[in-house]
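Read the structure below first, then the notes.
Proteins come first, then strands; the chains are lettered A, B, ... in the order of their sequence lines, and each starts at number 1. Basis for what follows: all heavy atoms, side chains included, without hydrogens, waters or symmetry-related copies.
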Number of protein chains: 2
Amino acid sequence: MREKGADLARPTVHDIAKEAGVSLATVDRVLNARPGVRAKTIARVNDAVSRLGYVRDTYAANLARQRQYRFAFLLPESSSQFANALQEALQEAYSSNVADRTELKVIRVPSQDPHAIVRTLKSMNTSRLDGLAMMVPETPQVRDAVSRLKDSGLAVVTLVSDLPNSRRDFFVGVNSIAAGRTAGLLMGRFVRGPGEILVVTDSLQSRDSLERRLGFDAVISREFRSITALPTLESYGDLARLQRIVETAVAARRDLVGVYSMGSGNMTLMSALRGSGRLGELDVLVHELTPAMRCALQDNEVTAVIAQNVGHLVRSALRVLRNVCDHRPIYEAQERVRIEVVLRENLP
Amino acid sequence: MREKGADLARPTVHDIAKEAGVSLATVDRVLNARPGVRAKTIARVNDAVSRLGYVRDTYAANLARQRQYRFAFLLPESSSQFANALQEALQEAYSSNVADRTELKVIRVPSQDPHAIVRTLKSMNTSRLDGLAMMVPETPQVRDAVSRLKDSGLAVVTLVSDLPNSRRDFFVGVNSIAAGRTAGLLMGRFVRGPGEILVVTDSLQSRDSLERRLGFDAVISREFRSITALPTLESYGDLARLQRIVETAVAARRDLVGVYSMGSGNMTLMSALRGSGRLGELDVLVHELTPAMRCALQDNEVTAVIAQNVGHLVRSALRVLRNVCDHRPIYEAQERVRIEVVLRENLP
DNA sequence: CCCATTTTGAGGTACGATCATCTTTTTTGC
DNA sequence: GCAAAAAAGATGATCGTACCTCAAAATGGG
């Protein structure tokens, strides 16, 4: 925003030099924190900077400095539609103007195999890389690997799923407890009358699922006394097992009113529910807006999807990585990823 | 994303010249559509461009060309918290790195006064401006004024509220019908049992309100037969009147189960509802996430807020304005603003 | 084949900043 | 007060692109 009567053009380093009464070289030394300037002079330059409201032209700077950001994204290899959506969003962020002077590399690893993840992390050529964003399950070995990556100077952010107590620089994703609470609130408000809720996930070993369940239960038990959330069914990543346990549960529980899926495998879940013939009487809530879930929403098979915008995720991750690389601060408020509620009528 | 084995650095104009076997000057003439190049040579250069996958470095280009985008935002002056939020988002987009080489000016006009709007539009110095984003109510006079602005070469986008059949270049905002449908679906799913819904707005003269009502009714009447949406109460921007008509309606309608506010004045609406003592039994749905509505959500006074992300709105508007100015295409998919559903548990 | 007209080439300057080198001035310590 | 060290200044190259000028080459018409 421009002040009235202010100069039209924004000030450059030359203006700073003039204003501070020093040479261009000195301004440059101060701005880039190079040694050989007295504290008094540094203050003079900084004064001029704030007086004129100078902000460095980052693009000109990166141009001159031949800055190249080399980032890698570590995503699960599973056929998960969500990871594919992330990769697409990355591609898009890259081809649109956002990702300038940035080289991206996507590495897919089998997410069930912590060993493979660690192997990949260890084998990374850190000298040809400036930053890493990763979406991996939490294990102590991964935490250690992150520590080594930080030692070699990489910027590291966790994506979607965090690694608490690790040395990662930042977490880009949503708060799983809040996501679970949102699901709980929606479920409680949507379902009619007393009844039971089926809760399904891959594995409660995963922190995300655990936290979603925590949030879900907190809201349900405090505010919706008439409905009961059943113990979590775990598929352990086995789709056949998922189909089986869902079919069994639906058959056994006659007063089921809703289904909450905290993990992946939603296509299989839906097919099991369809098979049961009771889909019409159930409110189904799932996470992540995949193409299959879009259709399910449109067909009224799923009531709501709790989603996070993959575009935001990758742009945020890129911004954070760049800022960490340049030792610039991170604007936490801007990087907070929203918990989106997607219904049939507000499908993007 | 980098191809394996591809060159690390992205190609520059020099590479194009070499690849096409022409001089730098010719490449420049082709890239910037300057005359004096044979069709055959143009083709050679374009071939080289696509072969090498050259994309012009926009920032270097703008640097060289000393490009400055001068944009104005015309926002309603009313004490509307929404317009303030927009202005803040604009400020933020400006100070964060997004809005480079862009001068922004915010003009607030009394939105109830179409005359004042037209006067402002007419008095604009179009020679010192490249683009204009405006959030104004639809009138024929405004449409004409837009036409004049387009004649003088400005890029014009409508923000939040569209001017259909005008010569604006683009509309940045949500589809009001879909927003109304979303509200209808939420209301239908939230309220219990048969009953009536109070529908309130500033004025149905405004296209947004009309369309929201349309969408709302479509969903309610088709899918939720047991609930009745009452005729729209209009406040005509008069807060005292709003308070009065809401109080009267709530007192008269004993089987009210919900309130849908399509317009502004939600603080007054809430105070009227609070006064009635029946707030606890009502589901309240409103548009736009203002600070007051945040509190109302947290206090369980409002069930859901249908919102649009003001940050997106302004970033999208800025992107579109820049693209129009440079005669570049607009990626419609990226500019589609989402209809957000905000509940107590997913408050951003 | 020559001359006028296009078309192309070569080269410079600029944008805002970074960085390196070299010189001059100022500040120190003794 | 003088030499050494530190601080500041001066200058020029560079990044990728735009835009300008002038000269050289290719083309086309008669």
Side-chain angles (χ1 to χ4, degrees), chain A residues 7-49 52-69 97 99-103 325-328, chain B residues 7-46 48-49 52-69 97 99-102 325-328:
Chain A
D7 249 295
L8 284 152
R10 45 190 264 192
T12 73
V13 277
H14 295 88
D15 301 317
I16 300 298
K18 225 172 285 172
E19 175 79 11
V22 300
S23 76
L24 207 60
T26 302
V27 172
D28 180 66
R29 286 189 264 253
V30 173
L31 288 182
N32 295 290
R34 272 189 276 275
V37 188
R38 267 180 310 181
K40 221 176 77 186
T41 315
I42 295 183
R44 281 237 308 274
V45 172
N46 285 329
D47 276 5
V49 164
L52 298 187
Y54 168 82
V55 275
R56 142 204 280 115
D57 182 330
T58 327
Y59 298 108
N62 282 344
L63 178 61
R65 141 182 3 189
Q66 279 292 80
R67 187 86 173 86
Q68 273 279 81
Y69 301 94
N97 54 7
D100 293 72
R101 312 204 151 269
T102 303
E103 274 177 51
C325 284
D326 296 345
H327 306 103
R328 276 187 315 231
Chain B
D7 248 295
L8 284 152
R10 47 190 260 191
T12 74
V13 277
H14 296 86
D15 300 317
I16 301 298
K18 225 171 287 171
E19 176 79 11
V22 299
S23 76
L24 209 60
T26 302
V27 172
D28 181 65
R29 287 189 264 254
V30 173
L31 289 181
N32 295 291
R34 271 188 277 275
V37 187
R38 269 180 306 181
K40 222 177 75 185
T41 316
I42 294 183
R44 281 239 305 274
V45 171
N46 285 330
V49 164
L52 297 188
Y54 168 81
V55 275
R56 156 208 259 113
D57 182 329
T58 326
Y59 298 108
N62 283 344
L63 176 62
R65 141 182 3 189
Q66 279 293 78
R67 186 89 173 83
Q68 273 280 82
Y69 301 93
N97 54 6
D100 293 72
R101 310 206 150 266
T102 303
C325 285
D326 297 345
H327 305 102
R328 276 187 314 231

Looking for any heavy atom pair under 4.0 Å, which part of the strands does [X] touch: base, sugar-phosphate only, or nothing?
| X | result |
| --- | --- |
| B:His14 | base |
| B:Asn32 | sugar-phosphate |
| A:Asp57 | sugar-phosphate |
| B:Ala25 | base |

Is the terminal nitrogen or CZ of A:Arg56 (NZ for Lys, CZ for Arg) located under 6.0 angstrom from the six-membered ring centre of A:Tyr54 and within 45° of that ring's axis? no
Does the side chain of [X] get closer than 4.0 angstrom to OP1 or OP2 of [N] through an N or O atom?
| X | N | answer |
| --- | --- | --- |
| B:Thr26 | C:dT8 | no |
| B:Arg29 | C:dT7 | no |
| B:Tyr59 | D:dA18 | no |
| B:Thr12 | D:dG16 | no |
| B:Arg101 | C:dC15 | no |
| B:Arg34 | D:dC19 | yes |
| A:Gln66 | C:dA17 | no |
| A:Arg38 | D:dA6 | no |

To the nearest Å, how far apart are [X] [atom1] and [N] [atom2]?
| X | N | atom1 | atom2 | answer |
| --- | --- | --- | --- | --- |
| A:Arg44 | C:dT26 | CZ | P | 13 Å |
| A:Arg67 | C:dC19 | CZ | C1' | 15 Å |
| A:Leu24 | C:dC19 | CG | P | 13 Å |
| B:Asn62 | D:dC19 | CG | P | 11 Å |
| A:Asp28 | D:dC15 | CG | P | 17 Å |

With the side chain of B:Arg56 defined as its heavy atoms from C-beta on, choose the nearest nucleotide among C:dC19, D:dG9, D:dT17. D:dT17
So which nucleotide from D:dG9, C:dG9, D:dT17 ends up closest to the side chain of B:Ala64? D:dT17
Within the side chain of [X], is there an N or O that forms a donor-acceptor pair under 3.5 Å with the backbone of [Y]?
| X | Y | value |
| --- | --- | --- |
| A:Arg67 | A:Ala61 | no |
| B:Asp15 | B:Thr12 | yes |
| A:Arg44 | A:Ala20 | yes |
| A:Asn32 | A:Asp28 | yes |

Between B:Val55 and A:Lys40, which has a closest nucleotide on DNA chain D that is more 5'? A:Lys40
Which residue, B:Leu63 or B:Pro35, contacts DNA chain C at a nucleotide closer to its 5' end, judged by nearest heavy atom? B:Pro35
